[in-house]
Amino acid sequence: MALNASNPNNYEYTTNHLEIHILGGIKTTRLETLRITLSIQKAPLPSASPRRGENHGPVVRHSIDLYNDNQVEKFTRTVAERLEIGTGVARRTLQDLTRELENHRFLLTEKEASANAPYKKELSARETKEAETFLRSKDLLEKTNELIGRSGVIGEHTNRLLMYLIFTSRKTASPLHCISLGSSGTGKTHLQSKVSELIPEEDKVEITVLSANAFYYFNRTELQHKLILIEDLDGAESVLYPLRELQSKKRITKTVVHKDSKGTTKTIHLTVEGPVSVAGCTTQESIYEDNSNRNFLLYIDESAEQDQRIMQYQRAVSAGQVNENEQHESRELLQNVQRVLKPIKVINPYAMYLELPQSVFKPRRTNSHYLQFIEAITFFKQCQREKKYDEQTGEEYIETFIEDIQEANELIQEVLLRKSDLLNGACRGFFENLKAYLQKENQTTFTNSEIRRTLRLNPSNQKRYMVQLQLADLVRKAKGDKRKGYHYEVVSYDDYEDTNKQIEILLDSTLKSLEACHEPSRVVQSGP
C-alpha cells in the first residue's frame with residue numbers, strides 16, 4: 001500500500017501484515033539520514049472491520065535512522081519477536097517503507113525549493129509591448145517623471161527622478177547609490193518607499209533591522225544586481241562597513257571557523273557577490289565621509305510649498321478623491337519597464353570632453369559618479385539606441401548621445417552644488433532662511449535670539465550653525481560684547497548663487513563644445 005501523508009504529523013503505511021504510523025512526519029533538512037519516530041503493530045484482519053485508531057494487540061514504538069543498517073537489523077528482530085511475525089516480513093516492510101519515505105521526502109524538498117524560489121513575474125506579450133513602447137517615447141525622462149507623480153509621489157520632482165534612475169542602475173555593471181537626508185517627519189523614508197514601489201519585488205531587498213554579520217550569510221549570488229533599501233541608516237551602523245565594501249569592491253568575504261559532522265575544525269570563506277545598489281535614509285546633518293563619498297546625497301524638500309502639496313494630497317486621500325486605479329496602473333507600468341530593461345554595456349564617446357567644476361570636493365569619486373549617471377540615463381534609453389558590436393570581442397553595446405549628457409547635467413546640478421558647498425545641508429538651509437529674512441526685513445544685522453524666535457529653532461542647533469558659518473567666513477560679529485550679547489552680519493549673500501552659476505556655466509560651455517562634434521546617428525530599435 002502507498003504511504004498516506006495527508007496528516008503531516010502522522011503518516012500511515014499499512015500492509016497485509018503490519019500497520020505503521022510515522023509520528024511527527026519527516027525532516028527535509030538532512031538528506032544523509034532518515035530519522036523517524038514510528039509505532040508499529042499487526043494489521044487488522046479484513047473481516048474484523050475495526051474502527052480507525054483501535055488497538056490490534058502489542059505496539060512497538062521506537063526512534064530509528066532507517067539509513068543505519070545496524071539499527072534497522074536490530075529493530076527488525078525486535079518487531080518479529082514482539083509482534084510474533086517472521087523477520088522476513090518485518091525486514092521487507094521496513095525496506096518498502098524506507099523507499100516510500102525517500103520518494104515523499106524528495107517531493108517535499110522540491111515543493112520547498114519551489115516555494116522559496118525568488119518570485120519573478122513573467123510579462124505577457126501585451127505588457128511587454130506596452131513597456132517597450134513607453135521606453136521608445138520621445139522625452140522619455142519627462143514622461144517617466146510624470147508617471148512617477150501619477151503613481152503617488154508628491155512633489156520632489158528632481159529627487160524622485162534621480163532616485164528612480166539610481167535604482168535602475170542596479171542592472172548595470174557599476175550601480176549608483178543614494179542617501180536621503182532630512183529632519184524627522186519631512187518624508188525622506190516615504191519618498192524612498194514610494195519610489196521603491198516602482199521597482200519589481202524580485203529585484204529589491206528591504207531591510208529594517210540588520211545584525212553585524214547578516215550580509216555575509218546571503219547566498220553567493222543572492223544579492224547580485226539587487227536594490228538594497230535601508231529604512232534608517234542611523235540604526236544600521238554595524239553593517240555600514242560591509243555595505244561600503246559591496247559598493248566599492250562589488251563583493252564581500254568573511255573567514256570563519258566551522259566544525260564539520262566529525263568534529264574537525266576547518267576554515268571556510270563566506271563570499272557574497274555584487275554589484276548592488278544601496279539606498280538609505282538618515283536624519284544626521286553630516287554623513288561619515290566614507291559613506292557620503294560613495295552616494296548621491298538627496299536633500300528632502302522641506303519648504304512650505306512642499307508642506308502644502310503633501311497636506312493637500314492627504315486631504316484628497318481622506319476625501320476619496322485620489323484615483324487609486326490610476327496610481328496602481330502607473331506603478332505596474334514602471335515596474336514592467338524595469339523588467340523589460342536588459343543588461344547591456346554603455347560607451348560614452350564624449351567622456352574625454354567632460355569635466356567637473358574645480359570647487360567640487362573629492363573630484364575623483366564625484367567624476368566617476370557623474371559619468372556613471374550619464375551611463376544610467378543611456379541604459380534607461382536602450383530601446384532608442386542602435387545596438388553596436390565591438391569588432392574585437394563581439395560584445396554588444398550602445399552609445400551615449402549629447403541629449404543624455406544634457407539631461408544628466410540638469411538633474412545632477414543640485415548634487416554637484418551640494419558637493420561644492422562648505423556647509424552641510426541643514427546649515428545651508430538655515431543660512432538661506434536667515435538671508436531671506438534679513439532681505440525681507442531690510443536689515444543688515446541680527447541677534448541670535450531674534451533669529452531663533454523668527455525661524456523657530458532649537459538653541460543648540462542654532463549655536464552649531466552659527467559656529468559653522470563663522471568658521472566659513474560667511475557670518476561675523478558686527479558689534480556688542482559677551483555680556484550684552486552680539487549683533488551679527490552676513491559677509492556674503494551670493495556665495496551659493498555664485499557657486500551655482502559657476503557650475504551652470506561650466507556644464508553649459510561643455511555642452512556647447514560637444515554640439516560641435518558629430519553625434520552618433522539616432523536609430524530606434526524596432527519592436528519584437
Side-chain angles (χ1 to χ4, degrees), residues 118 120-123 125 127-138 140-141 144 164-177 199-200 202-203 219-227 246-253 271-277 335-354 364 367-408 514-515 517-528:
K120 187 172 183 180
K121 178 181 176 180
E122 295 294 333
L123 297 183
E127 290 173 324
T128 301
K129 184 177 180 181
E130 184 181 22
E132 290 177 343
T133 300
F134 178 79
L135 285 170
R136 294 191 185 94
S137 302
K138 186 180 179 182
L140 176 61
L141 294 191
T144 300
Y164 184 75
L165 291 171
I166 289 169
F167 291 175
T168 302
S169 72
R170 77 192 183 283
K171 289 195 161 193
T172 66
S174 299
L176 296 165
H177 320 278
I199 305 299
E202 64 267 25
D203 285 356
N219 292 334
R220 188 182 186 100
T221 59
E222 190 175 351
L223 294 180
Q224 274 190 340
H225 299 290
K226 290 286 194 298
L227 170 62
L246 264 177
Q247 289 173 310
S248 298
K249 297 181 180 178
K250 301 184 178 65
R251 65 183 293 173
I252 52 175
T253 301
T271 300
V272 178
E273 302 280 357
V276 298
S277 178
Q335 287 178 3
N336 292 341
V337 162
Q338 293 286 319
R339 293 183 175 105
V340 164
L341 292 172
K342 304 299 181 186
I344 190 169
K345 183 178 180 180
V346 175
I347 290 180
N348 183 356
Y350 306 104
M352 298 302 295
Y353 303 99
L354 302 176
R364 297 180 186 180
N367 185 60
S368 174
H369 290 167
Y370 176 46
L371 295 174
Q372 289 169 16
F373 185 65
I374 294 171
E375 290 175 13
I377 291 178
T378 305
F379 175 82
F380 188 60
K381 294 183 172 183
Q382 60 182 251
C383 289
Q384 302 181 17
R385 297 291 187 263
E386 177 187 9
K387 292 179 172 60
K388 299 185 177 182
Y389 299 89
D390 189 292
E391 294 181 357
Q392 296 180 344
T393 64
E395 185 179 16
E396 189 179 58
Y397 67 92
I398 55 177
E399 287 188 342
T400 295
F401 287 172
I402 291 178
E403 70 177 38
D404 303 340
I405 300 171
Q406 182 177 359
E407 289 171 328
L514 288 179
E515 287 170 355
C517 302
H518 176 67
E519 189 172 356
S521 58
R522 298 171 179 269
V523 177
V524 178
Q525 292 291 93
S526 57

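Counting from 1, the numbers follow the sequence of the chain as shown. No experiment lies behind these values; they were computed from the predicted model shown.
- Salt-bridge annotation for Lys121 and Glu127: present, with a side-chain N of the basic residue lying under 4.0 Å from a carboxylate O of the acidic one.
- Within the model, atoms CD of Gln224 and NZ of Lys250 stand 12.0 Å from one another, a figure rounded to the nearest 0.5 Å.
- At least one side-chain heavy atom of Arg251 sits less than 4.5 Å from a side-chain heavy atom of Arg220.
- For the atom pair CZ of Phe373 and CD of Glu407, the computed distance is 9.5 Å after rounding to the nearest 0.5 Å.
- Of all heavy-atom pairs spanning Leu135 and Val337, the tightest one is CD2-CG1, 3.5 Å.
- Residues Asn348 and Asp404 fail the side-chain proximity criterion, which asks for heavy atoms closer than 4.5 Å.
- Considering every non-hydrogen atom in both Ala408 and Ile374, the closest pair reads CB-CG1, 3.6 Å.
- Heavy atoms only, all atoms of each residue included: Leu246 and Val272 are closest at CD2-O, 4.2 Å.
- A heavy-atom distance below 4.5 Å is not found between the side chains of Thr172 and Gln372.
- Residues Ile405 and Tyr353 fail the side-chain proximity criterion, which asks for heavy atoms closer than 4.5 Å.
- To the nearest 0.5 Å, atom OG of residue Ser169 and atom CG of residue Leu227 are 9.0 Å apart.
- Taken to the nearest 0.5 Å, the CG atom of Asn336 stands 7.5 Å off from the CD atom of Glu130.
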Where do Phe380 and Thr144 land on the side chain to side chain contact (heavy atoms under 4.5 Å, CB included) test, with the steps shown first?
CA-CA 11 Å; Phe380 188 60; Thr144 300; 3.4 Å; yes

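- Here the CZ atom belonging to Phe379 is positioned 11.0 Å from the CD atom belonging to Glu375, to the nearest 0.5 angstrom.
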Can you list the steps and then say if Phe401 with Thr378 is a side chain to side chain contact (heavy atoms under 4.5 Å, CB included)?
CA-CA 8 Å; Phe401 287 172; Thr378 305; over 6 Å; no

Go through the steps to decide whether Leu141 and Leu165 satisfy the test side chain to side chain contact (heavy atoms under 4.5 Å, CB included), and finish with yes or no.
CA-CA 9 Å; Leu141 294 191; Leu165 291 171; 4.1 Å; yes

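- Contact annotation: the side chain of Lys387 approaches that of Ile398 to within less than 4.5 Å [non-hydrogen atoms, C-beta and beyond].
- Gln392 and Asp390 get closest at one heavy-atom pair: N-OD1, 2.8 Å.
- Distance alone, capped at 3.5 Å, is enough to place a donor-acceptor pair between the Lys171 side chain and the Leu341 backbone.
- Pro175 and Val276 get closest at one heavy-atom pair: CB-O, 3.5 Å.
- A donor-acceptor contact shorter than 3.5 Å links the side chain of Arg170 to the backbone of Phe167.
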For Ile347 and Lys388, what are the C-alpha separation, side-chain angles and deciding distance, and is it a side chain to side chain contact (heavy atoms under 4.5 Å, CB included)?
CA-CA 10 Å; Ile347 290 180; Lys388 299 185 177 182; over 6 Å; no

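- With rounding to the nearest 0.5 angstrom, the OG1 atom of Thr221 is 8.0 Å from the NZ atom of Lys226.
- A 4.5 Å side-chain heavy-atom check between Pro349 and Thr400 finds at least one atom pair inside the cut-off.
- For the pair Gln338 and Thr168, the minimum side-chain heavy-atom distance is below 4.5 Å.
- With respect to the salt-bridge test (charged N to carboxylate O, under 4.0 angstrom), the residues Lys342 and Glu396 do not qualify.
- Looking only at atom types and distance, the side chain of Glu132 has no donor-acceptor partner in the side chain of Thr128 under 3.5 Å away.
- Summarising the geometry of Ala351 relative to Leu371, their closest heavy-atom pair is CB-CD2, 4.3 Å, with the distance given to 0.1 Å.
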